[in-house]
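Written below as structure tokens is the structure these notes are about.
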Amino acid sequence: KQEVTQIPAALSVPEGENLVLNCSFTDSAIYNLQWFRQDPGKGLTSLLLIQSSQREQTSGRLNASLDKSSGRSTLYIAASQPGDSATYLCAVSLSGTYKYIFGTGTRLKVLA
Amino acid sequence: DAGVIQSPRHEVTEMGQEVTLRCKPISGHNSLFWYRQTMMRGLELLIYFNNNVPIDDSGMPEDRFSAKMPNASFSTLKIQPSEPRDSAVYFCASSWTDQETQYFGPGTRLLVL
């Protein structure tokens, strides 16, 4: 059974810091991995999608990497801003299925 | 496009009442997902539709839960009768295919007293 774990559960950093959020999964037979952002009281917004054949994806100040063999993904946020404050979730889909298994998220607070 | 639309945004009801949640997916998307989010269990997939057909409802917790998708632009999730443990945020999401980026609606926050 696929399990997705995110560490840390919460993180507070001063503005301008570069930071790394971690996601680990137990079954390496994934089709793709997505990182989402969730603001309080809102739905999820997809940030980056990495196909299993890819090693990383970049969008602006965000960079996500994927290491299938070790069952890990990281989300790197450069020069963090207060507007980055949100909960970040990673989700993996298993090969041949449509199901995404979500981690419990990392709650990020960037202090001005 | 307005994105995925869900209604109502908030629902407060009493135990035993019927609750109907509604979702309008993004036009052209052929995959629709209903999720439930709670503090204890995180985000869980309840049911998945492809081209309006329910493909997998194994995540539906009990017979009290039912979902329909009568056409490509509308889906409902019904709870009858509702119980306090059904209190959660229910999200609808849609995508072009079942393996692509999912676009989430704002959710319906349900409180069953």
Side-chain angles (χ1 to χ4, degrees), chain A residues 1-10 23-26 29-54 57-59 62 64 66 73 75 86-107, chain B residues 2-11 21 23-26 29-51 53-60 88-111:
Chain A
K1 179 186 172 186
Q2 177 74 276
E3 292 184 3
V4 181
T5 304
Q6 291 187 245
I7 295 174
C23 172
S24 60
F25 45 93
T26 54
I30 67 170
Y31 184 79
N32 63 37
L33 181 146
Q34 286 196 59
W35 281 94
F36 291 86
R37 167 184 174 141
Q38 184 174 25
D39 292 283
K42 301 284 181 63
L44 281 68
T45 301
S46 181
L47 298 172
L48 291 165
L49 183 151
I50 310 178
Q51 301 287 356
S52 62
S53 58
Q54 299 173 319
Q57 282 285 346
T58 298
S59 176
L62 306 179
L66 174 64
S73 176
L75 178 67
T87 296
Y88 292 80
L89 298 103
C90 73
V92 299
S93 71
L94 295 178
S95 294
T97 78
Y98 47 80
K99 283 187 177 179
Y100 275 97
I101 308 298
F102 284 80
T104 50
T106 293
R107 197 166 56 254
Chain B
V4 176
I5 299 173
Q6 291 187 247
S7 64
R9 293 293 311 276
H10 302 273
E11 177 81 30
L21 311 181
C23 174
K24 176 178 167 57
I26 292 173
H29 284 188
N30 70 359
S31 297
L32 185 138
F33 307 82
W34 281 101
Y35 291 91
R36 178 171 68 176
Q37 186 177 40
T38 62
M39 288 292 291
M40 292 297 296
R41 300 175 67 91
L43 204 61
E44 303 172 285
L45 178 66
L46 299 177
I47 187 168
Y48 158 58
F49 290 88
N50 184 263
N51 290 321
V53 176
I55 303 299
D56 183 354
D57 64 356
S58 61
M60 297 284 262
V89 182
Y90 291 82
F91 289 104
C92 173
S94 69
S95 61
W96 290 109
T97 71
D98 56 21
Q99 294 279 4
E100 298 297 324
T101 298
Q102 294 186 13
Y103 295 83
F104 280 71
T108 295
R109 192 171 299 272
L110 174 65
L111 178 62

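All values derive from a computational prediction rather than experimental measurement. Below, chains carry the letters A, B, ... as their sequence lines are ordered, and counting in each starts from 1.
Residue contact with chain A, scored on non-hydrogen atoms closer than 4.5 Å, is absent for B:Y103. Proximity to chain A (any heavy atom under 4.5 Å) is restricted, for B:S58, to the side chain, taken from C-beta onward. When heavy atoms are compared at a cutoff of 4.5 Å, B:Q37 approaches chain A solely by way of its side chain, counted from C-beta outward. Contact of B:L43 with chain A is made through backbone and side chain together, with heavy-atom distances under 4.5 Å. With a 4.5 Å cut-off on non-hydrogen atoms, B:R41 does not touch chain A at all.
Remark: the A:E3 side chain and the A:T26 side chain contain no N/O donor-acceptor pair separated by less than 3.5 Å.
Using cut-offs of 30° and 60° on the angle between ring planes, the pair A:F36 and A:Y100 is perpendicular.
Between B:Y35 and A:L44, the closest side-chain pair of non-hydrogen atoms is not below 4.5 Å.
Here CG of A:L49 is found 10.0 Å from CD of B:Q102. Values are rounded to the nearest 0.5 Å. Separating the OG1 atom in A:T104 from the CD1 atom in A:I7 is a distance of 9.0 Å, to the nearest 0.5 Å.
Taking B:I55, B:D56, B:V89 one by one and counting their heavy-atom pairs under 4.5 Å with chain A, the maximum is reached by B:D56.
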